[in-house]
Amino acid sequence: MRAILFLAGLMASGALFAQTPAHQRMQALLADPAALQAAVAAGGKASFFCANCHGENGISKTGDVPNLAGQHPDYLLEQIRKFGTGERKDAFMQGLIKVLSDEERAQVTLYYAKVKVPPNQSDPAQAARGKVLFDKLCVRCHGQDAHGGKTFPRLAGQQRAYLQKSITHYRDGTGVRNDKLMAIATSVLKDDDIVALAHYLTQLP
Ligand code: HEC
Ligand code: HEC
């Protein structure tokens with residue numbers, strides 16, 4: 001109940017994610033159609049380096065590297081901010097993010113947000129079990145279709161191994177992923193629940 005009140009307060013204030021200069025730049029670009037088109041094109045070019053790991057068009061070919069395609073730009077910018085401050089830990093991403101300007105951060109995230117992400121194959125029995133857990137524990141934030149929203153990430157079509165790894169980090173408080181809401185939401189999950197949830201989410205369109 002306390003978690004719900006906390007969340008309602010944040011949503012009412014309209015700012016779950018911190019407003020950085022890159023966020024402000026993104027909002028200015030979103031308000032100007034011609035500038036937005038140019039920014040998305042520039043982001044596509046700038047993303048060639050990211051493609052080494054996140055795949056062509058942000059669709060990852062490696063299970064434990066996330067897709068960036070189809071993800072909300074607010075969420076991507078928030079994760080870039082967290083890598084920058086060390087609130088989220090990944091040796092490579094923490095170093096890389098320091099060299100991206102605010103303009104480049106806004107451009108690449110706006111570009112990835114526009115790419116469609118294809119669903120993946122998974123085990124139908126595991127997915128069915130995962131759906132029951134998701135509908136009970138996760139929909140109120142990530143949405144019925146797991147497409148998320150401005151303040152919550154999209155999970156549909158995400159890489160299975162990456163989902164499993166991330167959910168486990170939130171639950172176990174390893175210090176890699178830090179988020180109060182996710183720590184509460186995942187605290188009741190057993191290891192095989194996490195496997196089932198990842199099977200369910202990766203095959204969603
Ligand atoms: C050497 C490989 C590598 C390269 C190159 C790379 N990344 Fe990453 N990135 C990763 C890994 C691995 C993770 C997941 C870390 C974890 O497990 O939490 C990640 C995570 C992210 C996330 C968080 C996504 C989410 O769903 O939470 C963002 C945003 C991101 N990268 C942006 C970028 C951008 C933008 C570029 C190019 C400028 C880039 N990355 C280049 C390896 C890479
Ligand atoms: C009270 C709201 C809330 C609930 C309930 C919730 N989440 Fe989240 N979830 C979030 C927020 C906020 C984030 C972003 C946290 C961050 O910045 O790391 C997130 C992030 C995630 C991520 C990371 C996505 C990525 O690209 O790295 C996964 C995976 C996830 N949630 C899965 C779940 C699952 C599975 C459940 C149900 C067991 C769940 N969430 C329930 C709010 C919620």
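Just follow the structure's listing: the first ligand is 1, and inside any ligand the first atom is 1. In this text the structure is predicted, and so the values were computed from the model without any measurement.
Asn120 contributes atom CG, which lies 7.0 Å from atom CG of Asn67 (distance to the nearest 0.5 angstrom). Separation of atoms NE2 (His54) and OH (Tyr112) is listed at 7.0 Å; rounding is to 0.5 Å.
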Identify all N/O pairs between ligand 1 and the protein with a separation under 3.5 Å and present them as a table of atom names and distances.
unit_1, atom_1, unit_2, atom_2, d
ligand 1, 7 (N), His54, NE2, 2.8
ligand 1, 9 (N), His54, NE2, 2.8
ligand 1, 17 (O), Lys165, NZ, 2.7
ligand 1, 18 (O), Arg88, NE, 3.4
ligand 1, 18 (O), Arg88, NH2, 2.7
ligand 1, 26 (O), Tyr162, OH, 3.4
ligand 1, 27 (O), Tyr75, OH, 2.7
ligand 1, 27 (O), Arg88, NH1, 2.7
ligand 1, 27 (O), Tyr162, OH, 3.1
ligand 1, 31 (N), His54, NE2, 2.9
ligand 1, 40 (N), His54, NE2, 2.9

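When heavy-atom distances to ligand 2 are checked against a 4.0 Å cut-off, Thr186 has no atom that comes that close, whether in backbone or side chain.
Heavy-atom proximity to Ala185, at under 4.0 Å, picks out these atoms of ligand 2: 4 (C), 5 (C), 6 (C), 38 (C), 41 (C). Near Ile167, the atoms of ligand 2 lying under 4.0 angstrom from a non-hydrogen atom of the residue are 29 (C), 35 (C).
Within 6.0 Å of atom NZ in Lys165, more than 12 heavy atoms from other residues, nucleotides or ligands are found, so the atom counts as buried in its surroundings.
In summary, Met182 places an N/O/S atom under 2.8 Å from atom 8 (Fe) of ligand 2, meeting the contact criterion. Coordination check, His142 versus atom 8 (Fe) of ligand 2: passed, since an N/O/S atom of the residue sits under 2.8 Å.
Side-chain contact between Arg25 and Thr20: absent, with no pair of heavy atoms (C-beta onward) separated by less than 4.5 Å. Side-chain contact between Phe134 and Leu197 is present, with heavy atoms from C-beta onward closer than 4.5 Å. Taking the side chain as every heavy atom from C-beta outward, Gln203 and Tyr200 approach each other to under 4.5 Å. With a 4.5 Å cut-off on side-chain heavy atoms, Met182 and Arg177 do not count as touching.
With respect to Tyr170, the side-chain contact (heavy atoms from CB on, under 4.5 Å) criterion is satisfied by exactly one of Val176, Thr186, Ile194: Thr186.
Contact between Phe17 and ligand 2 is absent, with no heavy atom of the residue lying under 4.0 Å from the ligand.
For the 3.5 Å distance criterion, the side chains of Gln159 and Asp64 fail to qualify, holding no donor opposite an acceptor.
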